[in-house]
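Just so you know, ligand 1 is whichever comes first in the structure, and atom 1 is the first atom listed for that ligand. One is the number of the first residue; the rest follow in order along the sequence.
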Amino acid sequence: MPELPDIVIYIEALERRILHHTLERIRLSGPYLLRTATPPIQELEGKKVQALRRIGKRIAMGFDQDYWLVLHLMIAGRLHWRDRSLAIAGQRVKKPAARGRDVAAFEFDSGRLTLSEAGSRKRASIHVVAGSERLAGFDPGGLEVLDSRLEQFAARLTSENHTLKRALTDPHLMSGIGNAYSDEILYAAQLSPAALTSRLSGEEIARLYEATRKTLRDWTERLRQETGEGFPEKVTAFRPAMAVHGRHGQPCRRCGAQVQRIRYADNETDYCPRCQTAGKILADRSLSRLLKQDWPRTLEELEAMRSNEGRH
Ligand SMILES: [Zn+2]
């Protein structure tokens, strides 16, 4: 699922293409995508984009008269862009097979923004709301770590007792962090994903705070460099430069130990047993018990569940 660095780069690329441009036409391929009935999505046609914002892992587009389109890509949703000049020339673009099906197209006076979703699970969602107060309802309330001081981070982290993996990926506690970057953050902090927030020392919390900020900042900057002036077409949770995420079975770049994976329900975490868990492989029965109670459920389920709670 696209996390904070990916979403920031999407938003920067969109700002260069659709900010202050008019949305002329919207085409949705099926009924599942749009989760709101009023205001009708067609009311956005003819309106100009006035703002783009990240809300957790969602992208919010603000239009004239305080209308907002809120997009959640979930795991397999991706955005694509084609300039108007190319569209007019009728130039065909060869789509990579992995891109999946196009489920929505937004024609702007500057080009076409397409949403694709791979796989069969239809999870990506669009909500259209009128008024900033309604928009605020989409914020699960997670802390923006890049805008927070250490004391705020410490208070939030320890407000409930959870494993670090869960605390980092719970959108009510921390904003924009999911499965991939939480692995990278915990590796950078050299802390165990199964450590409990209530047992962390002040020094460990400070280390986690710095690691969170550095990981999110460094990755955002790296993706920004890679994307340049182009549109981010290669958004993925698995990047070769990652330290542990997706590197299960390969040697740790710091110490050479084999990167390990814990799999639980739909969730998984990759970690280095030498750098993060004092050599321990996290697989014993007590961990299973712990994980049952305190491991993130599939994050999109958690978010969907909670956003429904907020809606009804
Ligand atoms: Zn290591």
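- In this structure, the side chains of Leu186 and Leu164 come closer than 4.5 Å at one or more pairs of heavy atoms.
- Two residues are said to be in side-chain contact when any heavy atoms from C-beta on lie closer than 4.5 Å; Leu4 and Glu144 meet this criterion.
- Lys214 pairs by the salt bridge (charged side-chain N to carboxylate O under 4.0 Å, His left out) definition with Asp218, not counting sequence neighbours.
- Judged by a 6.0 Å distance limit and a 45° cone about the ring axis, Arg247 is not positioned over the six-membered ring of Phe238.
- Both cation-pi conditions hold for Lys47 and Tyr67: the charged atom is under 6.0 angstrom from the six-membered ring centre and inside a 45 degree cone around its axis.
- Ile55 and Tyr10 fall into different hydrophobic clusters, where Ile, Leu, Val, Met, Phe, Trp and Tyr residues are linked whenever their side-chain heavy atoms come under 4.5 Å apart, directly or through other members.
- Below the 2.8 Å limit, the Zn ion (ligand 1) has as protein N, O or S neighbours Cys252 SG, Cys255 SG, Cys272 SG, Cys275 SG.
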